[in-house]
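Notes to accompany the following structure.
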Amino acid sequence: MTGLVPYFHFPGCAVQLYTFAEFSRADGPADAIAHGYLTGGPVALFCADASVGEASFRSEGMMLSLLGTADPATLRSWFSRLSEGGQVVDDLQMRPHGASDGQVIDRFGLHWLLGFEGDETG
């Protein structure tokens, strides 16, 4: 490996992968991934290989929201782990309106918004 390689661990996920050949695509290598996704875990993720002449993923001006997607302890853990090697934009904290949220840019440059309604007990 010569560069940064994201490697995700998701508990209980099922992986579905379909090649360019399976989708009858001729705009890239037959064994390239035309569509792939994770299901059955805490998050769904879709992805594919970039075809010939197609730009690879870049993120600018986008924020990924995980508001209310898990219990407060889990969201705090995700916030902490996303901030490792990244930058906390706004700490995960209680707001005047009663909800808690925070923003972090992870080490890959992705901007995240995490939070929950109510107190720490959910």
Side-chain angles (χ1 to χ4, degrees):
M1 292 182 220
T2 60
L4 179 66
V5 178
Y7 198 108
F8 298 98
H9 293 264
F10 295 114
C13 290
V15 177
Q16 298 291 320
L17 299 174
Y18 301 94
T19 65
F20 276 39
E22 291 171 313
F23 273 32
S24 300
R25 289 182 58 177
D27 56 334
D31 63 346
I33 302 301
H35 179 65
Y37 61 98
L38 297 177
T39 60
V43 5
L45 178 66
F46 294 91
C47 60
D49 286 322
S51 64
V52 175
E54 187 176 48
S56 295
F57 176 77
R58 288 181 47 125
S59 174
E60 191 172 314
M62 178 179 77
M63 185 174 4
L64 302 167
S65 173
L66 292 172
L67 294 172
T69 57
D71 63 87
T74 299
L75 286 163
R76 286 197 178 281
S77 174
W78 291 349
F79 188 90
S80 175
R81 294 186 67 195
L82 285 167
S83 67
E84 292 172 7
Q87 172 191 359
V88 173
V89 176
D90 192 14
D91 200 23
L92 179 52
Q93 59 189 302
M94 177 74 76
R95 303 297 175 184
H97 58 277
S100 294
D101 64 57
Q103 297 179 37
V104 63
I105 298 174
D106 70 20
R107 67 178 175 253
F108 304 110
L110 297 175
H111 194 154
W112 297 88
L113 171 65
L114 292 88
F116 52 90
E117 296 285 333
D119 62 22
E120 292 291 320
T121 61

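Source: prediction; values computed, not measured.
- Residues Ala34 and Ala48 approach most closely at O-CB, 3.3 Å, considering heavy atoms.
- Hydrophobic cluster of Met63: the remaining members, joined at side-chain heavy-atom separations below 4.5 Å, are Leu67, Leu113, listed by chain and number.
- With sequence neighbours excluded, the residues satisfying side-chain contact (heavy atoms from CB on, under 4.5 Å) with Thr69 are Leu66, Leu75, Trp78.
- From Gln87, atom CD reaches atom CZ of Arg107 across 15.0 Å, with rounding to the nearest 0.5 Å.
- Considering only residues two or more places apart in sequence or on other chains, Trp112 meets the side chain to side chain donor-acceptor pair (under 3.5 Å) condition with Asp106.
- Sorted by first and then second residue, the salt bridge (Lys or Arg N to Asp or Glu O under 4.0 Å) pairs involving residues 73-89 (not counting sequence neighbours) are Arg76-Glu120.
- The two residues Val104 and Phe79 come nearest to each other via the heavy atoms CB-CE1, 4.0 Å.
- Hydrophobic cluster membership for Phe23: Tyr18, Tyr37, Phe46 (Ile, Leu, Val, Met, Phe, Trp, Tyr linked by side-chain heavy atoms under 4.5 Å, directly or transitively).
- Contacts of Ala73 classified as side-chain contact (heavy atoms from CB on, under 4.5 Å), with partners at least two apart in sequence or in another chain: Asp71.
- The side chain to side chain donor-acceptor pair (under 3.5 Å) check on Thr19 picks up Glu22, with sequence neighbours excluded.
- Not counting sequence neighbours, the partners of Val15 by the side-chain contact (heavy atoms from CB on, under 4.5 Å) test are Leu17, Leu38.
- Checked against side chain to side chain donor-acceptor pair (under 3.5 Å), Asp49 has no partners two or more places apart in sequence or in another chain.
- The shortest side-chain heavy-atom distance between His111 and Leu64 does not fall under the 4.5 Å cut-off.
- Residues Ile105 and Val89 are in side-chain contact: their nearest non-hydrogen atoms beyond the backbone lie under 4.5 Å apart.
- Residue pairs meeting the salt bridge (Lys or Arg N to Asp or Glu O under 4.0 Å) criterion with at least one partner in residues 94-104, sequence neighbours excluded, are Asp90-Arg95, Arg95-Asp101.
- Smallest separation of non-hydrogen atoms from Phe20 and Pro29: CB-O, 3.4 Å.
- Residues passing the salt bridge (charged side-chain N to carboxylate O under 4.0 Å, His left out) test with Asp27, sequence neighbours excluded: Arg25.
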